[in-house]
Amino acid sequence: MASASPSLLKSSLVLDKSEWVKGQSLRQPSASVVRCSPTNPSALTIRAGSYADELVKTAKTVASPGRGILAMDESNATCGKRLASIGLENTEANRQAYRTLLVTVPGLGQYISGAILFEETLYQSTIDGRKIVDVLIEQNIVPGIKVDKGLVPLAGSNDESWCQGLDGLASRSAAYYQQGARFAKWRTVVSIPNGPSALAVKEAAWGLARYAAISQDNGLVPIVEPEILLDGEHNIDRTFEVAQKVWAEVFFYLAENNVLFEGILLKPSMVTPGAESKEKASPQTVADYTLKLLHRRIPPAVPGIMFLSGGQSEVEATLNLNAMNQSPNPWHVSFSYARALQNTALKTWGGRPENVKASQDALLFRAKSNSLAQLGKYTGEGESEEAKKELFVKGYSY
Ligand code: 13P
C-alpha cells in the first residue's frame, strides 16, 4: 500500500476563527480528498478537512473548564410532554416562552458553554424578538443543533431501534452552520433488556460514524451519543460489558470514516445498574466503573466527555459528575444534561410570567452546581431541603 506523502496533503482552508462568534461566516469549500497513489485510485485516501482547525477550536471551547452543555433540544413531541407536566398546551408560543426563559438566564455563560437546540429553536426568536442564536452568542454560549430524525424499529432485530437522518444531512448541516450552529448532536439508543443484538450495535455505531464525518465536513463538531438506556433489571457489570462493546464499535467505525477525533465530543451514559435493578450504586462506584470504561475505550485525543443525565435526579447527576472529577482526567469530563438541569426550573416556572425570575435562578443554581462538579468541587451548599435529604441518604451530610 502506498504511504502518504506530506506534499500530497492539501493544506486546509481555514476560516477566520473569530467569525463563528458573530455567527456570520460563510460556507467554505468542502473537505478535500487527496489520493495518495495517483496510479491506484483505490489506494489509501486521506481527508484534509477544510474545517479542521475550526472544529478543534469549537470542541475546546465547548469543553472549557467549569462549563458544560445545556441540552434543550427536546423534539416538539417531547417538549409537549414537559409542558403537559405543568399544565400547558404544546403550542409554538409556549415552547418559545419556555426556551426564551432558558436562554436569557443572566450570567448563564459562566457555567454553560453550549446549548443544543431543536431545529425550531435554531430559527426562532425570543418573545421580545431577538434571534435565539444571537442571545446565546452574546452569552458566550455556542449554539448546537440536534440533527437526527429520531428512532424507528430496526427490522430483523429483537424489537430494537435505529436512528434516522442521514439522507440530506450534508445540506441540512450546511444550512445549520449558516444559521449559526457550530456543533451537532445525533442520539441513537442501545437497549440492554432487548439484547443488545450485534446488528443493533453495529447499526448504531455505523450511523454515528457517518453522521460524525458529514458533520465535520460541514463545520459542525459532532456530539457522538450512543445512549445505553437505563431501563432494565441488569446489574452494573452488565452495563459495563455492553458499554465496552458499544464504544469499541463506535470508535472502530469513527476511525474507518476518517473522523478527526480532536474535533468530536462524546455524550455517553454513565455506567450504572439498570433502573429496575435491586442493586444501587454510590457516586464513587458509578465514577469507578465509568472512568474505567472511558480509560479503556476513549482515546485521549477526544477533548470532551459530556454525560447525559438519562433519568437520574438532579442531585444524583451532579454527585456522579463530581465523583468523576476528583482526580485529573485525560479529557474534560462534564455534563450535557436536559432533565437534570431543567426539572426544577420547569416546575418553578409553571407557565406563569411572575415565576420567570425564580425559575431562572433555579436553572442558574443547577448550572453552577454542575460547573462545580466539573471542577470536582461540589459540596451541596445551597441545595433545597428535599435535595439535602437525598444527599443525606447517599451518605453526604451538611
Ligand atoms: P437527559 O439529560 O434528560 O438524559 O437528556 C440529555 C439528552 O440530550 C438526551 O439526548
Side-chain angles (χ1 to χ4, degrees), residues 62 67-83 85 98-99 102-103 111-122 141-151 161-165 181 183-192 204 207-208 211-212 215 221-232 239 243 246 250 264-272 274-275 286 290 304-321 324 333-347 362-363 366-367 369-371 373-374:
V62 174
R67 299 205 299 164
I69 295 175
L70 168 62
M72 47 177 287
D73 59 317
E74 295 83 0
S75 63
N76 285 352
T78 304
C79 193
K81 286 187 206 154
R82 305 277 184 269
L83 293 174
S85 75
Y98 181 52
R99 273 132 182 190
L102 296 177
V103 300
Y111 311 120
I112 299 293
S113 54
I116 318 175
L117 309 176
F118 191 58
E119 193 179 58
E120 175 182 84
T121 319
L122 184 71
I141 296 173
V142 183
I145 174 76
K146 173 186 170 73
V147 300
D148 67 75
K149 293 287 184 187
L151 301 164
S161 32
W162 69 288
C163 183
Q164 304 181 108
F183 69 96
K185 163 184 146 174
W186 175 285
R187 170 184 178 258
T188 191
V189 301
V190 171
S191 161
I192 296 182
L208 282 164
Y211 138 79
S215 296
V221 168
I223 293 186
V224 176
E225 181 181 1
E227 176 170 353
I228 298 169
L229 296 170
L230 219 58
D231 314 57
T239 310
V246 169
V250 168
I264 64 175
L265 294 166
L266 305 185
K267 185 158 169 165
S269 318
M270 295 178 196
V271 180
T272 65
V286 172
T290 308
I305 317 278
M306 322 297 287
F307 285 100
L308 57 92
S309 59
Q312 299 177 36
S313 74
E314 290 176 338
V315 166
E316 205 176 3
T318 307
L319 284 171
N320 288 340
L321 181 62
M324 280 187 261
V333 173
S334 191
F335 59 93
S336 175
Y337 298 158
R339 285 164 289 178
L341 277 172
Q342 294 180 43
N343 279 352
T344 301
L346 178 70
K347 224 171 15 169
L363 178 60
R366 280 268 53 89
S369 300
N370 287 304
S371 160
Q374 196 291 308

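Positions are given from 1, in the same order as the sequence printed here. In listed order, ligands and their atoms are each counted from 1.
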Atom 2 (O) of ligand 1: the protein heavy-atom neighbour that sits closest, reported with distance to 0.1 Å: S309 OG, 2.5 Å
Identity and distance of the protein heavy atom lying nearest atom 3 (O) of ligand 1: R339 NE, 2.7 Å
For F307, the option from L266, I69, N370, V333 that meets side-chain contact (heavy atoms from CB on, under 4.5 Å): V333
How far apart are the C-alpha atoms of Q342 and Y98, what are their side-chain angles, what is the distance that settles it, and do they pass the side chain to side chain donor-acceptor pair (under 3.5 Å) test? CA-CA 11 Å; Q342 294 180 43; Y98 181 52; 2.8 Å; yes
So does Q312 get a backbone contact from the side chain of S309, meaning a donor-acceptor N/O pair under 3.5 Å? no
I116 backbone acceptor or donor facing K185 side chain under 3.5 Å: no
Heavy-atom side-chain proximity of C79 to R99 below 4.5 angstrom: yes
Within-4.5 Å side-chain heavy-atom neighbours: L117 and M72: yes
Within the 4.0 Å heavy-atom shell around [X], which atoms of ligand 1 are there?
| X | answer |
| --- | --- |
| S336 | 6 (C) |
| A71 | 8 (O) |
| G310 | 1 (P), 2 (O), 4 (O) |
| K267 | 6 (C), 7 (C), 8 (O) |
| E225 | 9 (C), 10 (O) |
| K185 | 7 (C), 8 (O), 9 (C), 10 (O) |
| A338 | 1 (P), 2 (O), 3 (O), 5 (O), 6 (C) |
| Y337 | 2 (O) |

Honestly, for A317 the part within reach of ligand 1 (heavy atoms, under 4.0 Å) is neither
Please state which part of R187 comes within less than 4.0 Å of ligand 1, counting heavy atoms only: side chain, backbone, both or neither. side chain
Please determine if K146 and E120 form a salt bridge, counting it only when a charged side-chain N lies under 4.0 Å from a carboxylate O. no
Qualifying residue, where the test is side chain to side chain donor-acceptor pair (under 3.5 Å) with R366 and the options are N343, T344, T318: T318
